[in-house]
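The next block holds one structure in the form of structure tokens; read it before the comments.
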Amino acid sequence: MELLEQRIREEGIIIDGHVLKVDRFLNHQIDPVLMDAIGEAFTERFKEAGITKIVTLESSGIAPAVMTGLKLGVPVIFARKKPSLTLGKGSYTAVVHSYTKEETNKIYLSADFINADDRILIIDDFLAKGEAVMGLIDLVKQADATISGIGIVIEKSFQDGRKRLDQLDYPIYSLARIASLSETGVEFLQE
Ligand code: G4P
Ligand code: NA
Ligand code: NA
């Protein structure tokens with residue numbers, strides 16, 4: 001997605017040679033116009049996939065997921081990082097290890113909103129080692145729903161996540177694929 005690559009080049013800040021900070025439009029301040037274009041791109045890719053619901057993870061997955069849900073005309077469910085009082089007894093849990101934060105956390109999804117008839121599109125903001133998306137896949141499987149696609153806003157293709165996901169054979173669409181990060185800037189994979 002050219003517009004997204006341009007924003008990453010112009011506004012992304014590279015930290016420690018492997019982390020891309022995009023707080024100007026995605027992870028802190030959010031650009032609704034860019035989110036709208038992201039929603040359009042995911043919709044274009046997955047509109048024939050019979051998606052009935054989108055599943056993402058709070059907090060940064062929510063904006064791109066909601067824009068996509070608006071255009072596909074389906075609800076968006078975000079997995080929580082803390083057990084909520086309102087989750088009730090019927091909830092699914094998965095374990096996610098964050099390498100950047102060096103901690104292992106659980107994520108939670110209420111059993112009320114997904115069932116075996118659902119065709120799920122999983123959306124997340126970043127794909128690094130794939131832990132978060134693997135956790136979301138785990139939750140959707142516990143609900144016996146079908147995973148019909150995975151949409152990633154920014155994929156760090158030099159980390160393991162994409163390879164792990166490719167082994168599972170789900171349709172994956174990453175809007176920006178980063179081949180490398182360095183002092184000289186961001187290199188995107190040419191497709
Ligand atoms: P993984 O999910 O792909 O395995 O990666 P990891 O555990 O390392 O990621 C932990 C958090 O850091 C996730 O956000 C993930 O989206 C984010 N992240 C990973 N690499 C980058 C990067 O290069 N740049 C940015 N900006 N984020 C990265 P989170 O903790 O769930 O936070 P949030 O969704 O509330 O923003
Ligand atoms: Na994030
Ligand atoms: Na995330």
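In this chain, residues are counted from 1 in sequence order. Read the numbers this way: they start at 1 and go in the same order the structure lists the ligands and their atoms.
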Answer yes if [X] and [Y] sit in the same cluster of Ile, Leu, Val, Met, Phe, Trp and Tyr residues linked by side chain heavy atoms under 4.5 Å apart, and no otherwise.
X      : Y      : result
Ile147 : Phe113 : yes
Ile14  : Val19  : no
Leu189 : Ile172 : no

Count the heavy atoms belonging to other residues, nucleotides or ligands that lie under 6.0 Å from CD of Glu187, then report whether that count exceeds 12.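 Result for CD/Glu187: open.
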For atom 1 (P) of ligand 1, which candidate among Glu131, Glu155, Met134 holds the nearest heavy atom?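 Among Glu131, Glu155, Met134, the closest heavy atom to atom 1 (P) of ligand 1 belongs to Glu131.
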Going by heavy-atom distance to atom 26 (N) of ligand 1, choose the closest among Asn27, Asp23, Ile154, Ile14. Asn27
Could you tell me which atoms of ligand 1, counted from 1 in the order shown, lie closer than 4.0 angstrom to a heavy atom of [X]?
X      : value
Tyr99  : 7 (O), 8 (O)
Lys156 : 20 (N), 21 (C), 22 (C), 23 (O)
Thr100 : 6 (P), 8 (O), 9 (O), 10 (C), 11 (C), 12 (O)
Val19  : 22 (C), 23 (O), 24 (N)
Lys81  : 29 (P), 30 (O), 31 (O), 32 (O), 33 (P), 34 (O), 35 (O)
Ser98  : 7 (O), 10 (C)

Between Arg7 and Asp31, does a salt bridge (Lys or Arg N to Asp or Glu O under 4.0 Å) hold up when you go through it step by step? CA-CA 11 Å; Arg7 294 292 293 271; Asp31 180 345; 2.8 Å; yes
What distance separates Leu165 CG from Tyr170 OH, expressed to the nearest 0.5 Å?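 If I round to the nearest 0.5 Å, the distance is 9.5 Å.
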Can you classify the ring geometry of Tyr99 versus His97 as parallel (below 30°), tilted (30 to 60°) or perpendicular (above 60°)?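 Taking His97 first and then Tyr99, their aromatic rings stand perpendicular (interplane angle over 60°).
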For ligand 1, which is the ligand I care about here, please tell me if [X] has any N or O atom under 3.5 Å from one of the ligand's N or O atoms.
X      : result
Leu127 : no
Leu57  : no
Ser60  : yes
Gly130 : yes
Asp124 : no

Taking side chain as C-beta onward, heavy atoms only, is Leu121 less than 4.5 Å from Thr68? yes
Would you say that Asn105 contacts Val95 through its side chain, given a criterion of any heavy-atom pair below 4.5 Å between the two side chains? no
Does ligand 1 have any atom sitting under 4.0 Å from a heavy atom of His97?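 Yes, His97 has a heavy atom closer than 4.0 Å to ligand 1.
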Heavy-atom contact check, 4.0 Å cutoff: does Gly161 meet ligand 1? no
So if I apply the side-chain contact (heavy atoms from CB on, under 4.5 Å) rule between Phe126 and each of Val153, Ile178, Asn27, which one comes out positive?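 It is Asn27, the one option of Val153, Ile178, Asn27 that forms the side-chain contact (heavy atoms from CB on, under 4.5 Å) with Phe126.
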